[in-house]
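One structure is given here, and the rest of the page talks about it.
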2 protein chains.
Amino acid sequence: MSVMLQLKDLPDEKVLKKFAERYDGVDTQSVSHFLSILRIGTELAESLDRFLATHGLLQGRWWVLILLMREDDQISTPSELAEKAGVSRATMSGLINGLLRDGLVARKDDSQDRRSYSIILTAAGQNKLDEVMPDYYPRIKKIMGAVPEQQREDLLKQLILLKEQCKVFD
Amino acid sequence: MSVMLQLKDLPDEKVLKKFAERYDGVDTQSVSHFLSILRIGTELAESLDRFLATHGLLQGRWWVLILLMREDDQISTPSELAEKAGVSRATMSGLINGLLRDGLVARKDDSQDRRSYSIILTAAGQNKLDEVMPDYYPRIKKIMGAVPEQQREDLLKQLILLKEQCKVFD
DNA sequence: GACAACTAGTTAGCTGGCTAACTATAATGT
DNA sequence: ACATTATAGTTAGCCAGCTAACTAGTTGTC
């Protein structure tokens, strides 16, 4: 995601009037709320990325490492990883290449199926996670601590409602 | 943004235990909530993009058209647009090129400052907005309708708290 | 008036998303 | 056995973000 709206850029009175005149039935509140939610989503993701960058990682590659560590033997295949990460095989191809270059994962050819190969988390990759994760978890806890325990469930519930309601875009 | 997490991919018991053993002090709830929020943000943005795509637009270019329409005379400059859209001048350069190619904006050289030029919304650009916006506004209203009026303010308030708490990433 | 410093915009190269088209191999069906 | 179909991975080309380095022009200062 990446949303081209600065919260400060919410339109002023004059502009609102202009748009409301040209396009009737504009619900200013809804629009402003919707855009703010998108914007905050972007900002949260950017914060995470900046944090990962301090450890020399970015979101995409970091997540691949985590998916590998989840496996019993730290091993998987490109298509499996693509499926689990929710990205196309083409995208996973690029992510894997970057990780191979950095030596955080290694490639092992499949003797059974010559089209395929396996990807293994290397010692360097595990070390990288062991460096990042103990720094990551407490920060996440602190961040989520900003929302009172009880209201977190409500927050999630409402966001899920919004997401589901997005069917009106189809 | 773009978050590599499928909600379905929340880790199972065994995996949770594995991570909790290696990295102590993991607050599973916080992590899962945080990642879910990021994921939903991405999905909302993707929905908007799919909608805009049905009108032959994408988020970046659409937002530039809106910023131009906000101006009294539908005119602005690349750096002004970059600043208002919250992107780098380099990115705006690319967006403007795309819009120029599609004829949705036009370029007008500045006689005062030969480094600069102005970007104007063309009739075709205005027509495109006149096609998209009357379709956009009611859909946004319907989507936000999923969250009861009273809880919207809370939702926003909590998201803003989270965003601000992201300072712990710095 | 000349030089320094700043500003406007572009370009190159990186990240990471996508689709569509491609290669190579495997599996299936007749 | 061979032909078809399906699958694994890559590549090319698009979108959109970024930084850093660059050109060109403007401004300010001495």
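Just so we're on the same page: letters track the sequence lines, and every chain starts at 1.
Distance A:Glu83 CD to D:dT7 C1': 14 Å, rounded to the nearest Å. Between the P atom of D:dC15 and the CG atom of B:Leu48 lies a distance of 17 Å, rounded to the nearest Å. The OH atom of A:Tyr117 sits 15 Å away from the C1' atom of D:dT7 (whole-angstrom rounding). Taking atom CE on B:Met92 and atom P on C:dT11, their separation rounds to 16 Å, with Å as the unit. The CD atom of A:Glu43 sits 14 Å away from the P atom of D:dG17 (whole-angstrom rounding). One interatomic measurement links the two molecules: CD1 of B:Ile96 to P of D:dA16, which rounds to 13 Å at whole-angstrom precision. Atom CG in B:Leu95 sits about 10 Å away from atom P in D:dC15, given to the nearest Å. Atom-to-atom, CH2 of A:Trp62 to P of C:dG16 comes out at 13 Å; the value is rounded to the nearest Å.
Using a 4.0 Å cut-off between charged nitrogen and carboxylate oxygen, A:Glu21 and A:Lys17 count as a salt-bridge pair. Using a 4.0 Å cut-off between charged side-chain N and carboxylate O, B:Asp110 and B:Arg115 make no salt bridge. We find that B:Arg61 and B:Asp102 are joined by a salt bridge, their nearest charged nitrogen and carboxylate oxygen being less than 4.0 Å apart.
Within 4.0 Å (heavy atoms only), B:Gln112 reaches sugar-phosphate atoms of the nucleic acid but no base atom. Here A:Ser88 lies in heavy-atom contact (under 4.0 Å) with a base.
Contact of the A:Arg70 side chain with the A:Leu67 side chain is registered, since non-hydrogen atoms from C-beta on lie closer than 4.5 Å.
Across the interface with DNA chain D, nearest-nucleotide mapping of A:Asn97 and A:Asp113 shows A:Asp113 to be the residue nearer the 5′ end. Place B:Ser118 and A:Gly94 on DNA chain C by their nearest nucleotides, and B:Ser118 ends up nearer the 5' end.
Proximity note for A:Ala90 (side chain, C-beta onward) versus D:dA8, D:dA12, C:dT15: the nearest is D:dA12.
For the OP1/OP2 pair of D:dT26 and a distance below 4.0 Å, the side-chain nitrogens and oxygens of B:Arg114 include no atom meeting the criterion. Residue A:Thr91 places none of its side-chain N or O atoms closer than 4.0 Å to OP1 or OP2 of C:dG16.
Applying the 6.0 Å contact sphere to NZ of B:Lys18 captures more than 12 heavy atoms from other residues, nucleotides or ligands.
If you check distances only, the side chain of B:Arg115 does reach the base of C:dT7 with a donor-acceptor pair under 3.5 Å. Side-chain N/O atoms of A:Arg89 and base N/O atoms of D:dG9 include a donor-acceptor pair closer than 3.5 Å.
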